[in-house]
Amino acid sequence: MFRKKDKNQGIPDGVVGNNLKNARLTKKEREEIATTERKRIRKQMEAEAERYQIIKSTQRIIPVEDIFNGVIITKDHRYVKVMEYRPINFAYMDAETQNRVISLFYQTFKAVPCNIQFKTFARKADVESTISNVTQYYEQETNPKRKKMLNAYIGLLRKTALSVGITRRFFVVIEFQKTISNDGSRFELVVADLNAMAANVRSHMEQCGNVFIPALGNPDRNEDAGIHQLFYQLLNRSKSETVSFHDHMQPIIDRYSEAEMQGVKTSLQAPELIAPEWIDFTHYNYIVIDGKFYTFAYIPSTGYNQRVYAGWIATFVNAGEGIDVDMFFEHMSREAVYNKISTQLRMSRANAMDSHDTDSDYHARMEKISSSEYMLRGLSTGEDFYYMSMVITVVADSVDELEYKYDNLEKRVKGQGMKIRRANFMMEECFESALLPLGKLNKDIKRKAQRNVLTSGVASCYPFISFEMQDPDGIMIGTNRANNSLVTIDMFDTDVHANANAVILGSTGYGKTFTAQLFMGETFDYWLVREANIVTFNSFTIDGRIRQGYYSDEELETNRIEEFSSWKTLRPFCYSLIRGRKLPESFQITLQLSPEENEKFIRRVKPDLPA
């Protein structure tokens with residue numbers, strides 16, 4: 001029995017109230033109410049989703065708890081240490097030298113068998129330190145023409161850095177591993193273990209020719225500040241191109257200081273200093289951070305070449321600006337892996353006995369058996385077992401540029417016989433794993449990207465191969481044609497350029513040629529030094545007379561040591577005192593010929609002079 005609809009009765013909007021108990025609704029009315037309610041719930045869910053994706057605090061989503069004593073403390077209670085190294089000119093080495101470097105890199109993994117990550121960071125050239133130094137010269141300069149020249153040089157630096165210049169940085173990330181003697185409950189012991197492990201890695205990396213950069217390049221050698229600055233550049237790529245970390249950090253500190261003065265208890269931690277203003281996760285194939293567009297890709301487990309050459313990773317490292325590479329290596333127990341592979345090998349051989357070479361999967365079975373035998377031979381000879389995963393980050397200023405960069409990278413990878421997959425619907429997981437160097441890969445990405453390798457295979461992934469010449473206090477002379485990196489050289493930085501050249505400036509007749517022959521030539525090497533006085537930041541006086549008893553009679557006779565030291569012996573020390581950016585106030589060097597040379601000179605000038 002259906003009730004006839006009352007024309008004066010309206011249809012409730014949205015959520016129906018209690019008066020619905022006494023109202024008998026028709027089927028059409030109930031459907032209209034349900035439809036309206038579904039629309040309201042859908043709009044509310046969409047609003048909540050948008051609020052979660054865009055308005056959510058960026059400090060919360062950054063997987064970093066704090067940074068202290070050079071150690072990164074993550075939100076999942078791990079302890080991570082980051083080290084930076086200079087790359088080497090690997091491409092210009094001969095094959096023998098390249099193999100020697102790979103062999104030395106192999107020893108690094110033998111000495112430090114732990115979970116390790118390598119990260120390369122390619123961004124538009126960072127010239128802020130160079131511009132800061134030039135600006136100081138500009139403020140001190142009084143000549144208007146030279147001030148105009150310095151101002152034009154600053155403009156050239158900014159223009160070149162933002163257009164074609166690229167800065168590449170290379171990092172090694174190690175993670176604290178719990179042991180019987182250190183369970184991680186005491187932070188000071190964790191720091192000590194990480195520092196010991198880092199020192200071990202450093203000693204082996206320097207054997208490969210990679211120079212360690214203390215405190216990630218921080219001028220004050222403050223490791224915590226260096227990590228903060230690196231994370232700021234990684235999370236704020238757009239802002240960091242024009243705003244230095246110091247200028248970004250100062251308003252935040254002032255705001256916290258003002259709150260404390262008003263009696264509010266505050267705690268300033270790392271996420272507050274490094275977090276971007278906003279992050280957008282609403283797209284399935286890219287994210288937006290601080291106005292920059294990011295997408296992520298990975299090499300699938302079957303996407304690698306079976307045989308690779310030394311330096312094959314250059315395909316990704318030198319792909320261009322905005323292409324970052326993250327390689328994760330997870331160390332596994334050799335004994336457990338050996339037993340597992342042995343069991344699988346026995347099963348594969350048993351299955352292969354019942355198959356014929358005409359079966360569709362015959363070759364795949366044989367390949368599996370061959371791979372298992374190869375792994376067992378390697379493990380039995382002392383190699384370690386690792387799971388390797390590679391994630392590539394692509395960064396651009398717009399969606400069109402992002403797609404263009406990714407398409408080019410995909411063509412570049414396929415040209416090398418490899419495969420690459422875009423991490424669609426996993427952008428947030430990639431953000432937490434690969435954007436910051438934290439040494440851990442999301443398990444869903446790992447399942448698709450991981451590949452088993454031995455220590456020799458890991459060594460072939462040597463990533464420090466994009467050589468650059470970019471000294472912080474150097475003079476820009478152009479860009480590297482091979483990899484578009486900015487070339488700024490500081491010829492007086494002898495820590496980097498051990499055989500740096502010297503330039504002697506002066507007017508005609510002021511002794512430039514004589515000074516060059518004195519300090520850099522061999523003309524005066526066999527003259528004897530009676531005395532030398534050099535005045536720089538201190539006054540240095542050298543008495544050239546040989547101290548009696550320092551040399552034995554045999555040494556005096558064998559080395560023909562005279563009464564005074566030769567200029568050849570003292571020249572390197574004297575040269576080290578006067579070289580540099582600042583001129584010495586004065587130097588005076590008194591030389592004399594040895595008795596034998598003095599006699600030769602007199603005979604040559606006046607041969608008729610009686611002895």
Side-chain angles (χ1 to χ4, degrees), residues 87-99 101-103 105-106 109 117-122 166 168-170 208 285 294-329 363-364 367 370-371 374 386-396 401-424 430 434 441 445-446 448-468 480-485:
I88 60 175
N89 201 349
F90 191 83
Y92 289 92
M93 295 177 177
D94 56 74
E96 183 180 353
T97 306
Q98 289 181 350
N99 291 331
V101 171
I102 296 298
S103 177
F105 190 58
Y106 170 88
F109 284 88
Q117 175 190 354
F118 298 107
K119 183 176 184 66
T120 69
F121 175 34
I166 299 176
R168 288 182 178 84
R169 302 176 67 182
F170 298 81
C208 298
N285 60 347
Y294 294 71
T295 192
F296 301 91
Y298 61 89
I299 306 297
S301 57
T302 58
Y304 296 90
N305 285 327
Q306 292 296 323
R307 297 184 179 275
V308 296
Y309 56 90
W312 67 272
I313 200 69
T315 302
F316 304 94
V317 174
N318 293 328
E321 183 267 329
I323 308 292
D324 300 346
V325 182
D326 291 89
M327 291 183 290
F328 300 84
F329 297 96
H363 295 288
E367 182 67 25
S370 176
S371 299
Y374 171 79
Y386 289 86
Y387 280 121
M388 170 187 173
S389 306
M390 183 184 295
V391 178
I392 299 99
T393 306
V394 184
V395 188
E401 184 185 354
L402 186 71
E403 296 300 327
Y404 175 78
K405 281 187 175 182
Y406 179 77
D407 290 343
N408 283 345
L409 176 65
E410 190 175 28
K411 293 176 183 177
R412 185 184 181 100
V413 173
K414 288 182 178 178
Q416 298 295 323
M418 293 185 287
K419 300 176 184 178
I420 188 172
R421 295 285 183 270
R422 198 163 183 171
N424 292 331
C430 290
L441 185 62
I445 305 172
K446 185 195 299 184
K448 297 181 179 183
Q450 75 178 7
R451 172 189 174 86
N452 49 20
V453 291
L454 296 178
T455 311
S456 55
V458 174
S460 69
C461 301
Y462 181 73
F464 307 92
I465 55 180
S466 181
F467 183 71
E468 299 180 359
N480 190 330
R481 188 165 56 183
N483 55 20
N484 283 339
S485 62

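Scope of the values below: all heavy atoms of this structure, side chains included, with no hydrogens, waters or symmetry mates.
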C430 vs Y294, side-chain contact (heavy atoms from CB on, under 4.5 Å): CA-CA, chis, key distance, verdict:
CA-CA 10 Å; C430 290; Y294 294 71; over 6 Å; no

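- For Y386, the ring pair (Phe, Tyr, Trp, His ring centres under 6.0 Å) partners at least two apart in sequence or on another chain are F109, H331.
- Of all non-hydrogen atoms in A434 and V391, the two that sit nearest each other are CB-CG1, 3.8 Å.
- In summary, of the residues considered (K446, K448, M327), a side-chain contact (heavy atoms from CB on, under 4.5 Å) with S389 occurs for K446 alone.
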Go through it in stages, so that I can follow the logic: the residues are M388 and V458, the test is side-chain contact (heavy atoms from CB on, under 4.5 Å), and I'd like the CA-CA distance, side-chain angles, deciding distance and then a yes or no.
CA-CA 8 Å; M388 170 187 173; V458 174; 5.8 Å; no

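- Annotation: the span from L402 atom CG to D407 atom CG amounts to 9.5 Å, rounded to 0.5 Å.
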Before giving the answer on side-chain contact (heavy atoms from CB on, under 4.5 Å), spell out for I313 and F118 the whole-Å C-alpha distance, their side-chain angles and the decisive distance to 0.1 Å.
CA-CA 12 Å; I313 200 69; F118 298 107; over 6 Å; no

Could you walk me through whether K405 and T295 pass the side-chain contact (heavy atoms from CB on, under 4.5 Å) check?
CA-CA 10 Å; K405 281 187 175 182; T295 192; over 6 Å; no

Only distances under 3.5 Å count here; give the side-chain donor-acceptor pairs of residues 408-421 to other protein atoms, sequence neighbours excluded, each with its distance to 0.1 Å.
residue	atom	partner	partner atom	Å
N408	ND2	Y404	OH	3.4
R412	NE	T315	O	2.6

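- Partner L441 forms a side-chain contact (heavy atoms from CB on, under 4.5 Å) with one of F328, Y387, Y298 and no other, that one being F328.
- A heavy-atom distance below 4.5 Å is found between the side chains of I323 and V394.
- Applying the ring pair (Phe, Tyr, Trp, His ring centres under 6.0 Å) test to Y462 and every residue at least two apart in sequence or in another chain returns F90, F105, F464.
- Within the 4.5 Å cutoff, the side chain of R168 has no heavy atoms near those of the P87 side chain.
- Looking at D326, its side chain never comes within 3.5 Å of a backbone N or O of T120 through a donor-acceptor pair.
- The backbone N or O of D324 sits nowhere less than 3.5 Å from a side-chain atom of K119 that would complete a donor-acceptor pair.
- Scanning all heavy atoms of the two residues, the minimum distance from R422 to N285 falls at NH2-O, 3.3 Å.
- You'll find the side chain of S460 stays beyond 4.5 Å of the side chain of Y106, heavy atoms only.
- With rounding to the nearest 0.5 angstrom, the CD1 atom of I299 is 4.0 Å from the CZ atom of F316.
- Between M93 and I465, every side-chain heavy-atom pair lies at or beyond the 4.5 Å cut-off.
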